[in-house]
Amino acid sequence: MTNGGKTTLTNSLLRALPNCCVIHQDDFFKPQDQIAVGEDGFKQWDVLESLDMEAMLDTVQAWLSSPQKFARAHGVSVQPEASDTHILLLEGFLLYSYKPLVDLYSRRYFLTVPYEECKWRRSTRNYTVPDPPGLFDGHVWPMYQKYRQEMEANGVEVVYLDGMKSREELFREVLEDIQNSLLNRSQESAPSPARPARPQGPGRGCGHRTARPAASQPDSM
């Protein structure tokens with residue numbers, strides 16, 4: 001949700017995770033003159049159509065095709081001791097409403113805060129395009145409720161996070177979850193323990209299994 005603490009959490013994770021890149025959904029807003037005015041009388045900034053989601057998907061695909069190249073192009077120094085681990089964080093308020101992206105995520109986080117807290121936080125923010133009077137109750141909050149209901153109706157699985165927790169507590173909670181996820185993937189892709197050799201009779205093959213590297217997928221919130 002808007003003003004739930006997404007960017008703060010994302011920036012903390014970016015500093016803590018190895019070979020980590022981030023894509024912010026806010027970077028894909030269309031020009032102001034392309035934002036329609038809705039029946040509520042407000043510019044429709046909080047709807048999916050206000051974003052160039054195809055361009056965002058192209059950017060994600062660029063990372064998927066070559067995480068190391070993408071990292072270097074965006075000024076991320078690849079750590080040699082973790083060169084086989086690459087992480088992409090996607091941060092935004094409508095990430096789970098664009099179907100082509102939803103199935104790419106390996107983890108999905110959803111920050112929430114109560115209505116009054118969200119409204120207060122919004123009032124303290126300075127936006128490039130200032131909020132006109134009544135925007136929060138007339139457009140921002142109704143759109144949040146609409147898209148969240150659609151997300152839940154579509155069965156999109158998310159980990160809900162309490163945005164009222166301290167920044168440090170939220171950071172530790174998500175960092176530990178991601179680290180455990182990486183550890184589990186590493187264990188799943190590790191070669192099976194070697195078995196003692198035994199004689200093979202005629203007609204009995206001597207097969208072997210090759211471990212597959214863990215798939216690279218982005219985390220989102």
Side-chain angles (χ1 to χ4, degrees), residues 1-2 4-31 34 45 47-111 128 147 151 156-159 161 167 170-191 210-221:
M1 65 187 308
T2 180
K6 303 180 299 297
T7 304
T8 299
L9 176 57
T10 298
N11 289 339
S12 296
L13 293 169
L14 183 64
R15 292 189 293 268
L17 292 166
N19 305 329
C20 186
C21 296
V22 62
I23 296 173
H24 299 282
Q25 191 176 39
D26 282 2
D27 292 338
F28 295 90
F29 272 115
K30 295 176 182 177
Q34 295 182 25
W45 289 105
V47 301
L48 197 61
E49 291 74 21
S50 69
L51 297 149
D52 188 348
M53 293 304 297
E54 290 186 4
M56 185 175 186
L57 179 60
D58 288 344
T59 307
V60 173
Q61 295 289 4
W63 179 86
L64 286 170
S65 65
S66 181
Q68 193 169 58
K69 181 179 179 181
F70 187 96
R72 287 173 174 159
H74 288 78
V76 177
S77 299
V78 177
Q79 301 176 18
E81 69 276 10
S83 60
D84 59 342
T85 299
H86 287 271
I87 298 168
L88 177 64
L89 301 176
L90 305 184
E91 180 264 326
F93 66 106
L94 288 175
L95 291 175
Y96 307 139
S97 301
Y98 187 63
K99 178 61 177 174
L101 273 180
V102 169
D103 294 334
L104 294 179
Y105 308 133
S106 59
R107 311 292 288 176
R108 305 183 190 94
Y109 302 100
F110 195 104
L111 277 154
T128 304
Y147 283 108
M151 177 194 77
V156 179
E157 295 183 5
V158 299
V159 176
L161 301 173
R167 295 178 178 183
L170 279 170
F171 166 63
R172 292 297 173 190
E173 180 181 342
V174 177
L175 179 63
E176 182 178 351
D177 187 49
I178 293 176
Q179 289 174 331
N180 287 337
S181 176
L182 291 172
L183 179 61
N184 290 336
R185 288 187 183 199
S186 176
Q187 292 173 341
E188 289 171 2
S189 63
T210 302
R212 296 182 299 173
S216 296
Q217 290 181 289
D219 297 310
S220 67
M221 63 196 69

Closer than 3.5 angstrom, by distance alone: can the side chain of Glu91 be matched with the main-chain N or O of Val22 as a donor-acceptor pair? no

At their closest point, which heavy atom of Pro67 faces which heavy atom of Ser65, and how far apart are they? CD-C, 4.1 Å

How close do Thr2 and Lys6 get, heavy atom to heavy atom, and via which atoms? CA-NZ, 3.8 Å

Do you know which two heavy atoms are closest between Leu48 and Met53, and how far apart they sit? CD1-CG, 3.9 Å

Greater than 12 external heavy atoms within 6.0 Å of Glu54's CD: no

When rounded to the nearest 0.5 Å, the distance separating CD of Glu157 from CZ of Arg107 is 10.5 Å

Quick one: does Val156's side chain get under 4.5 Å of Arg108's, heavy atoms only? yes

Mind checking what makes ring pair (Phe, Tyr, Trp, His ring centres under 6.0 Å) contact with His24, not counting sequence neighbours? none

Do the side chains of Phe110 and Met151 get nearer than 4.5 Å, heavy atoms only? yes

I'd like to check Val47 versus Leu94 (side-chain heavy atoms, cut-off strictly below 4.5 Å). Are they in contact? no

Shortest non-hydrogen contact from Leu14 to Cys20? CD1-O, 3.3 Å

Do the ring centers of Tyr147 and Phe93 come within less than 6.0 Å of each other? no

Count the heavy atoms belonging to other residues, nucleotides or ligands that lie under 6.0 Å from CD of Glu176, then report whether that count exceeds 12. no

For Pro100 and Leu57 the tightest heavy-atom approach is CB-CD2, 3.8 Å

Of Ile87, Leu89, Thr8, the residue whose pairing with Leu13 passes side chain to side chain contact (heavy atoms under 4.5 Å, CB included): Leu89

Donor-acceptor pair, Tyr96 side chain versus Tyr109 backbone, under 3.5 Å? yes

Taking Asp177 for its side chain and Glu173 for its backbone only, find out whether a donor-acceptor pair lies under 3.5 Å. no

To the nearest 0.5 angstrom, please state how far the CZ atom of Arg172 sits from the CD atom of Gln179. 8.5 Å

Atom CG in Leu17, atom CG in Leu88: separation rounded to 0.5 Å? 11.5 Å

Student check: side-chain heavy atoms of Met56 and Leu95 closer than 4.5 Å: yes

Looking at Gln79, I'd like to know if its CD atom is crowded, meaning that more than 12 non-hydrogen atoms belonging to other residues, nucleotides or ligands lie closer than 6.0 Å. yes

If we only count heavy atoms from C-beta on, is the Thr59 to Asp27 side-chain gap below 4.5 Å? no

Might you point out which heavy atoms bring Ser50 and Phe29 nearest each other, and give the distance in Å? OG-CE2, 3.5 Å

Rounded to the nearest 0.5 Å, what separation is found between the CD1 atom of Ile178 and the OG atom of Ser106? 8.0 Å

Using a 3.5 Å distance criterion without hydrogens, assess whether the side chain of Lys69 forms a donor-acceptor pair with backbone atoms of Ala62. no

Let me confirm one number: the OG1-CG distance from Thr10 to Leu90, rounded to the nearest 0.5 Å. 9.0 Å

Checking Asn19 side chain against Ala82 main chain: does a donor-acceptor pair fall under 3.5 Å? yes

